[in-house]
Amino acid sequence: GQPAADDEVLYVMPMVAPYVSLGGPFAYRVKISPGPSKKGSAAKQCLKMLEALMEKASWRKLVQAVQDQEAANLMCGNCKLSMPGMQRLQQQAKREKKRDVRERE
């Protein structure tokens, strides 16, 4: 649940459980509550946020290997995501997207 920087991580497993039960043993988690987002788009957003949190490039690749559909199947209905630092990650993603659009032009 809490890999150290020198640990070799072999795979990433998406799972859904009550947020309180994930508090202690898991370092990377996102809170899911009922809301307006469809579960497919919420799953994509969740994976992007977790990818941005990963410290090592090898860990990012493991998160990228998780299929959106696999994560979406775990969620139930429409939902809203929240996590510490989520707003900062969303702003960073917007800046990167704008920079990519400028580079293409």
Side-chain angles (χ1 to χ4, degrees):
Q2 296 181 352
D6 60 339
D7 286 346
E8 182 181 349
V9 179
L10 301 175
Y11 63 92
V12 176
M13 182 176 68
M15 52 194 245
V16 176
Y19 191 74
V20 176
S21 65
L22 297 177
F26 296 98
Y28 302 105
R29 61 188 186 272
V30 178
K31 183 176 182 180
I32 301 172
S33 55
S37 299
K38 297 200 180 220
K39 63 182 184 178
S41 64
K44 287 180 186 178
Q45 182 182 9
C46 180
L47 291 172
K48 292 277 185 195
M49 289 188 305
L50 290 173
E51 181 184 334
L53 288 176
M54 296 296 131
E55 301 160 2
K56 296 171 74 177
S58 61
W59 294 1
R60 281 190 207 102
K61 288 181 183 178
L62 292 172
V63 173
Q64 289 171 350
V66 175
Q67 295 178 358
D68 298 337
Q69 189 62 34
E70 181 183 352
N73 287 341
L74 297 172
M75 297 180 182
C76 54
N78 296 343
C79 57
K80 176 177 75 171
L81 304 175
S82 58
M83 66 182 284
M86 182 173 150
Q87 188 175 22
R88 179 180 47 85
L89 290 172
Q90 288 175 335
Q91 290 172 350
Q92 180 183 359
K94 283 183 182 180
R95 276 187 249 127
E96 289 176 2
K97 189 174 181 181
K98 285 182 183 179
R99 185 179 60 218
D100 290 343
V101 169
R102 288 181 191 152
E103 289 176 359
R104 290 181 197 164
E105 294 175 349

Exercise for the section: Considering non-hydrogen atoms only, spot the tightest contact between Asn78 and Gly35 and give its length. Expected result: CB-O, 3.0 Å

Completion exercise
All heavy atoms of Leu50 vs all of Tyr28, minimum pair found to be CD2-CB, 4.0 Å

Problem - Closest non-hydrogen atom pair, Ala42 against Ser37 - result: CB-CB, 4.3 Å

Practice task
Nearest 0.5 Å please: distance from the CE atom of Met83 over to the NZ atom of Lys31.
Solution key: 13.0 Å

Problem - CD (Gln87) with more than 12 external heavy atoms under 6.0 Å - result: no

Exercise for the section: Quick one: pull up NZ in Lys48 and CG in Asp68 and give me the separation to the nearest 0.5 Å. Expected result: 8.0 Å

Practice task
State the NZ-CD distance between Lys44 and Gln69, to the nearest 0.5 angstrom.
Solution key: 9.5 Å

Practice task
Measure the CG-CD distance between Leu62 and Glu51 for me, rounded to the nearest 0.5 Å.
Solution key: 11.0 Å

Exercise for the section: Indicate if Ile32 and Val20 have the same hydrophobic cluster label, given that clusters are the connected sets of ILVMFWY residues with side-chain heavy-atom separations under 4.5 angstrom. Expected result: no

Handout entry: Closest non-hydrogen atom pair, Ala17 against Ser21
Key = CB-OG, 4.0 Å

Practice task
Working to the nearest 0.5 Å, report the span between CE of Met49 and CG of Leu81.
Solution key: 4.5 Å

Handout entry: Step-by-step side-chain contact (heavy atoms from CB on, under 4.5 Å) determination, Arg99 to Glu103
Key = CA-CA 6 Å; Arg99 185 179 60 218; Glu103 289 176 359; 3.7 Å; yes

Handout entry: Considering all heavy atoms, the nearest Lys39-Cys79 contact
Key = CA-SG, 4.5 Å

Handout entry: Path from Met13 to Val16 over hydrophobic side-chain contacts below 4.5 Å
Key = no

Practice task
Evaluate whether atom CD of Gln67 has more than 12 neighbouring non-hydrogen atoms of other residues, nucleotides or ligands under 6.0 angstrom away.
Solution key: no

Practice task
Over all heavy atoms of both residues, which pair between Met54 and Arg60 is shortest? Give the atoms and the distance, please.
Solution key: O-NH2, 3.1 Å

Exercise for the section: Report whether Val9 and Val63 are members of the same hydrophobic cluster (ILVMFWY, side-chain heavy atoms less than 4.5 Å apart, transitive linking). Expected result: yes

Fill in the blank from the handout: CG (Asp6) and NZ (Lys56) are apart, to the nearest 0.5 Å, by 7.5 Å

